[in-house]
Number of protein chains: 2
Amino acid sequence: MREEEKLKKFLKAKGLKFTKEREDIIREIENTEGHFDPDGLFIKMKNRGSKVSRASVYRTINLLLESGIIDVVENIDRHKHYEKVKDKTHHDHMICIKCGKVIEFYSPTLEMLQQELCEKEGFTPTKHSLEIYGYCKQCYKK
Amino acid sequence: MREEEKLKKFLKAKGLKFTKEREDIIREIENTEGHFDPDGLFIKMKNRGSKVSRASVYRTINLLLESGIIDVVENIDRHKHYEKVKDKTHHDHMICIKCGKVIEFYSPTLEMLQQELCEKEGFTPTKHSLEIYGYCKQCYKK
DNA sequence: TGTTTATTGAGATTTAGTCTCAATTTTAAT
DNA sequence: ATTAAAATTGAGACTAAATCTCAATAAACA
Ligand SMILES: [Mn+2]
Ligand SMILES: [Mn+2]
Ligand SMILES: [Zn+2]
Ligand SMILES: [Zn+2]
């Protein structure tokens with residue numbers, strides 16, 4: 001299902017409205033590859049002529065987050081970065097502290113191991129975030 | 001080695017000075033158990049009569065971070081929380097999204113697995129942060 | 001179509017964190 | 001102990017992300 005459909009469904013279930021602005025924003029996000037941040041999204045939309053407000057961008061991003069359509073990736077500088085959850089399987093990140101490059105990876109073994117560790121603690125996980133910081137191949141050479 | 005000694009060493013190596021204020025702050029942190037945030041620390045010190053400034057608290061926390069004496073734990077609300085690295089081995093966190101309880105855990109298998117995954121990507125890790133969100137035993141029952 | 005209720009934008013507000021700069025303190029060398 | 005050089009301090013200004021306010025507007029649905 002497209003993100004737009006998911007959002008409509010989510011809004012309806014909560015008695016909220018699918019507005020022109022929310023449509024505009026979800027479509028922009030659908031056309032965005034990789035990671036993004038709210039203000040960057042807002043600027044991009046503004047530049048291509050959208051009249052949507054910064055407040056609405058922030059508000060809509062919070063709805064998308066709540067509905068599981070997007071997810072927080074990391075905190076850079078002092079603001080959050082997001083990515084679409086999409087049909088992507090869940091994955092984690094390696095982040096180069098030199099050039100900022102992000103490597104996405106997924107390991108079933110790692111996921112299973114986490115599940116086991118949670119069981120041992122009587123903890124019921126709903127989601128997790130693993131970020132490994134270090135140097136990518138290129139940056140390590142130098 | 002005590003945190004204060006580590007800080008002195010770190011400062012000396014960088015040609016920086018061990019001031020009364022830094023001493024005051026590192027001692028407050030030495031006497032703090034668990035997680036803490038800069039402003040909370042500042043208020044606590046102020047209340048017990050310290051004349052240290054908010055700016056110095058933030059500045060010193062950045063030095064402690066750089067020297068590896070403390071580490072970022074998580075972002076709550078919109079500000080960072082830290083903890084002492086101390087003689088504790090490295091560990092990760094399970095965080096209850098209901099009551100806020102934090103379970104610390106360490107798994108050598110998990111650490112090793114991460115190392116392997118990094119090698120596969122040609123990535124040289126320096127540190128990582130794994131946070132598992134979900135419900136603790138008590139909160140899950142309800 | 002009309003009524004209800006949620007949403008919008010503009011700008012104010014909040015807040016974590018950083019920056020500025022003159023005055024002060026530390027440090028190491030005399 | 002004096003001194004000079006360099007780092008640090010505190011007060012408050014500043015920055016920037018994110019949220020809030022509220023009157024005007026638009027969506028939803030009968
Ligand atoms: Mn990603
Ligand atoms: Mn901890
Ligand atoms: Zn790199
Ligand atoms: Zn709990």
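So that the names make sense, note that chain A is the first sequence line, chain B the second, and so on, each numbered from 1. Worth saying up front: this structure is predicted, and the values here are computed from it rather than measured. Hydrogens, waters and symmetry mates are skipped; everything else that's a heavy atom, side chains included, is used.
Residue Asn62(B) has a polar side-chain atom (N or O) positioned under 4.0 Å from OP1 or OP2 of dT18(C). Proximity of Lys20(B) to the phosphate of dT26(C): a side-chain N or O atom is located under 4.0 Å from OP1 or OP2. Between dT7(C) and Ser56(A), no contact under 4.0 Å exists linking OP1 or OP2 to a side-chain N or O. Within the 4.0 Å cut-off from OP1 or OP2 of dT19(D), not a single side-chain nitrogen or oxygen of Tyr58(A) is found. OP1 and OP2 of dA6(C) both lie 4.0 Å or more from every side-chain N or O belonging to Arg22(A). Checking the phosphate oxygens (OP1, OP2) of dG9(C), no side-chain nitrogen or oxygen of Arg54(A) falls inside 4.0 Å.
Of the candidates dC29(D), dT19(D), dA28(D), the closest approach to any side-chain atom of Arg78(B) belongs to dT19(D). The side chain of Thr19(A) sits closest to dT7(C) out of dA7(D), dG10(D), dT7(C). Distances from the side chain of Ala55(B) to the nucleotides dA6(C), dG12(D), dT9(D) place dG12(D) closest.
Across all strands, Lys12(A) comes closer than 4.0 Å only to sugar-phosphate atoms, never to a base (heavy-atom distances).
No donor-acceptor pair under 3.5 Å is formed between the side chain of Glu3(B) and the backbone N or O of Ile26(B). Panel note: side chain Arg54(A), backbone Phe42(A); no donor-acceptor pair is recorded below 3.5 Å. For Ser67(B) (side chain) and Leu64(B) (main-chain N/O), a donor-acceptor pair under 3.5 Å exists by modelled atom type.
Side-chain atoms of Lys17(A) and base atoms of dT5(C) include a donor and an acceptor less than 3.5 Å apart. Put simply, the side chain of Arg59(B) and the base of dG10(D) share a donor and an acceptor less than 3.5 Å apart.
Atom CZ of Phe18(A) and atom C1' of dT8(C) are 15 Å apart (whole Å). Taking atom CG of Leu63(A) as the reference point, atom P of dT19(D) lies 11 Å away to the nearest angstrom. Distance, Tyr82(A) OH to dA17(D) P: 12 Å, rounded to whole Å. In this entry the distance linking CD of Glu21(A) with P of dT25(D) reads 13 Å, nearest Å. Atom CG of Asn75(A) and atom P of dG17(C) are 10 Å apart (whole Å).
With 3.5 Å as the limit, one finds no donor-acceptor pair spanning the side chains of Glu74(A) and His93(A).
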Per-nucleotide pairing state of DNA chain C [Watson-Crick or G-U, under 3.5 Å; [ ] pseudoknot-crossing; | other strand]: ||||||||||||||||||||||||||||||
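For the pair Lys98(B) and Tyr135(B), the cation-pi test (distance below 6.0 Å, angle within 45°) is failed.
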